[in-house]
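Below, chain A is the first sequence line, B the second, and so on; all start at residue 1.
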Amino acid sequence: MVELKLEDVTKRYDDAQGTETAVDGVSLVAEDELVVLLGPSGCGKTTTLRMIAGLESVTSGRIRIEGEDVTDRHPSDRSIAMVFQDYGLYRTMSVGENIGYGLKHSTDLSARERRNKVDAMAAKFGIEDLLDRDVAELSGGQKQRVALGRAMVREPDVFLLDEPLASLDAKLRSEMRTELQQLQAEMDITTVYVTHDQKEAMTMADRIAILDDGVLQQSGSPEAVYRNPASRFVADFLGNPPMNQIEVVAAPCGDPDRLALRCVVNGESVTLLTVARDDQSLSPGDEVVLGMRPETLSVTSPPAEGPGFEAIVAMTEYQGNDNFVHLRLGEMEFTAVVPPSSQPASGEPCRVTVDPQEIYLFDSESGDAIRTAGESMIDRTLASESSS
Amino acid sequence: MPYNPSQSEQPANHTGSPHSRAPASEDDASQSVEATRVALSALTKRFDDVVAVDSIDLEVNPGELLVLLGPSGCGKTTTLRMIAGLEAISDGVVEIGGEDVTRTTPQERDVAMVFQSYALYPHKTVRENIEFPLKKLSLTDDEMAERVTETASLLDIDDLLGKQPSALSGGQRQRVAVGRALARQPSVLLMDEPLSNLDAKLAVTTRSELRDLQQRLGITTVYVTHDQEEAMSIADRIAVMNQGRIEQIGSPREVYQEPRSEFIATFLGDPSMNVFDADGPATPLRRTLTETAPTATARVGIRPEGGYLLGDDGPIGTPATAVTEAVQCTVTVVEPIGRAYEITLRAGDQQFVIRTRTRPEWVEADADVQVVFGQSEITFFDETGRRIEDG
């Protein structure tokens, strides 16, 4: 049981051009779980990881491991191990020497005890036959395993990984992903994992922390963040294809209990869907951003009468287990994910429907979520404020 | 604005190509012309004693986007470079537009290539980068300016013409590289992993833009990638390569649904197909999957989307076909990927993955569940790895 705690951690760089805040007041707790730091390049995720490792100084805030303040400690005094994207192996040593190196220098184990640990770790990663090989002879996947083994053999309190799978091809990456996950679960070690790949993040994480511009935007289980994104940024970042977001206006419609969400297409106002008034806390005239996950849209071509709206099929991308249908509504483009059996033809009109339960609404100015599909209302007051 | 690479203002200047499409140049500007066919016969590349490309035959249809797909080292980039003229050909013939170009220089081939690294001139502006390959075409200044404007608006990089590549984002550089290739109005476009330097999200949007552009231009395109998702998304046809040979050519749907071999079946698809040995202890999973197996079956495969959780009202999801009997499994891992769930299951000592669009609450790690398989989605392979075709 190891708790890693970041308290208001900030990193500022000063240079001739001025001050740049790379990480801005990040607070985060990880305990015996795998936390993924996710975000676009330049969001501060790697800097955060390097501060936890002690490879980067902390401008303000504290880092604690098991309650102990390690903020100003040397990397080797933190009981952490880090795996880098480029592996960072010692080229002139054999696989066994690489794995045993840390043990030799940071513990007082006998040669025999070290050998036993190295053997056990090698067996865990399925590289026991490679122990005498030179690192240079290994494939990318094998090098990655050696790097992981070397980090884990020291039984650190905290395990840090910086895009460890980025150099591997897709197939190997997915194999290694599964392996790493099983290993982490088995060893129950507090792990912080940096990636920009949202599928990797969603499948591996117990918890995802999404950063943008140095600021922690949201953290939670992958499913919770996917279903309840706090903002347009998070909603857009998590999901492939990303969430469709369209600016709409709430307007009365024929049914007094419902409101129409309308947008302007080729100069005309078009109703995308209607929602129950009480569910949304929307008032006529409210301008909000409507979010629709591609997988919640259904597409019928040729268009039949009924709810929903008409769009044009721009193109269908076959994915084997899904079809991505790119749709055009006036100048707007959006995407639906449909089963592979459904393949509407390019250039044809179609009818698009979405279940009102599955929509998201965001404040058009702040971008904050007003309503998500996971939780029908985050904050009713937000909606009424935005309407005033 | 429609852009037609063959409606060259001065067809006579469209040289660099001894095999210029003469009839095409007479065409009315509003009408698209016949695109160019590329044919490879017994094309071979040997490096010392290694055969990198092993006698491949391939026809790329006019206007088609053909993807060469395969793992690293399969020979796909070498093949592309032989079409471009950047790699000497050991044996065999490359024909472009019906002409044998095997021994011609890259400049004589009327092809343009977009590289993974973009290969832009760092000290030239975007405009100068696009102009550079046009200089060999003896265009007037006005024509040159026109081409640049046309290309820039086609790729939506009008605002970037005065900038240097270092001031551009990865996505913008990629567009400039494509623009530079297309400005010459080549007959054939060759692309080598053009999206691999973009982050995953940008790659997804860029690939559909590329596809849209290629279709509007109707330009014959050969596209190399190792990414199966990218290949399936944009290709008219995919040629899957393995160890210097083409293992299968077909539409994305064909290669995915009717893979000719276990290699192809497992290379295409994410998560990849589950494959088990047909022989072994008669576990319930093995018995169920091999019930209808032809006698030559050595291995049996099932795609993750071919397995269905059994709920109170039958299979969850909509199996397109009859399903097998249920197999008792234990859930190991549930992975949400956003638009679906990937669920790893254990049956006895065998593990496999299924993919579902929805996930009932009772499906969680360590839960006992029942799984059925779509009968027609079970795939059989013989001992050489070839798929045994139905009936």
(message) Under 4.5 Å from any heavy atom of chain B, what part of A:E333 do you find: side chain, backbone, both or neither?
(response) neither
(message) Between A:T296, A:V337, A:D322, who has the most heavy-atom pairs with chain B when the cutoff is under 4.5 Å?
(response) A:D322
(message) For chain A, which candidate among B:P304, B:G269, B:P252 shows the most heavy-atom pairs at distances under 4.5 Å?
(response) B:P252
(request) Without swapping roles, check the side chain of A:K45 against the backbone of A:G39 for a donor-acceptor pair under 3.5 Å. (result) yes
(request) Taking only Lys NZ, Arg NE, NH1 and NH2, and the carboxylate oxygens of Asp or Glu, determine whether A:K199 and B:E342 approach each other closer than 4.0 Å. (result) yes
(request) Indicate yes or no for a side-chain donor-acceptor contact from B:Q214 to the backbone of B:I219 under 3.5 Å, with no hydrogens or angles considered. (result) yes
(message) Need one label for A:Q181: side chain, backbone, both or neither, based on atoms under 4.5 Å from any heavy atom in chain B.
(response) side chain
(request) Please look at A:D236 and chain B and tell me whether the side chain, the backbone, both or neither of the residue comes under 4.5 angstrom of a heavy atom of that chain. (result) both
(request) Considering only heavy atoms, give the residues of residues 253-263 of chain B separated from chain A by less than 4.5 Å, sorted numerically, with 'none' for an empty result. (result) B:R253, B:Y256, B:Q257
(message) Check A:R145 with A:E179, please: is the shortest side-chain N to carboxylate O separation under 4.0 Å?
(response) yes
(request) Identify whether the distance between the nearest side-chain nitrogen and carboxylate oxygen of B:R346 and B:D366 falls below 4.0 Å. (result) no
(message) At a 4.5 Å cut-off on heavy atoms, which part of A:P340 comes close to chain B: side chain, backbone, both, or neither?
(response) both
(request) Report the option among B:G306, B:S251, B:G338 that has the most heavy-atom pairs separated by less than 4.5 Å from atoms of chain A. (result) B:G338
(request) Could you tell me which portion of B:E230 (side chain, backbone, both or neither) has an atom closer than 4.5 angstrom to a non-hydrogen atom of chain A? (result) neither
(message) Has A:E295 got a side-chain atom pairing as donor or acceptor with B:R357's backbone, closer than 3.5 angstrom?
(response) no
(request) For the pair A:Q198 (side chain) and A:G239 (backbone), establish whether a donor and an acceptor sit closer than 3.5 Å, ignoring hydrogens and angles. (result) yes
(request) Please flag which part of B:T266 lies under 4.5 Å from any non-hydrogen atom of chain A: side chain, backbone, both or neither. (result) both
(request) For B:D212, check salt bridge (Lys or Arg N to Asp or Glu O under 4.0 Å) against everything at least two apart and list the hits. (result) B:R216
(message) Looking at B:R355 and B:E335, is any side-chain nitrogen of the basic one under 4.0 Å from a carboxylate oxygen of the acidic one?
(response) no
(request) Could you tell me which portion of A:P339 (side chain, backbone, both or neither) has an atom closer than 4.5 angstrom to a non-hydrogen atom of chain B? (result) both
(message) Less than 4.5 Å to any heavy atom of chain B: does that hold for the side chain of A:N240, its backbone, both, or neither?
(response) both
(request) Please flag which part of B:E305 lies under 4.5 Å from any non-hydrogen atom of chain A: side chain, backbone, both or neither. (result) side chain
(request) Go through the atoms of A:Y226 and report whether side chain, backbone, both or neither lie under 4.5 Å from a heavy atom of chain B. (result) side chain
(message) When you measure from the side chain of B:E247 to the backbone of B:V240, do you find a donor-acceptor pair of N or O atoms at a distance under 3.5 Å?
(response) no
(request) Classify the side-chain pair A:Q319/B:S233 by whether it contains a donor and acceptor separated by less than 3.5 Å. (result) yes
(message) As an exercise, state the distance from OH of A:Y318 to CD1 of B:I238, rounded to the nearest 0.5 Å.
(response) 9.5 Å
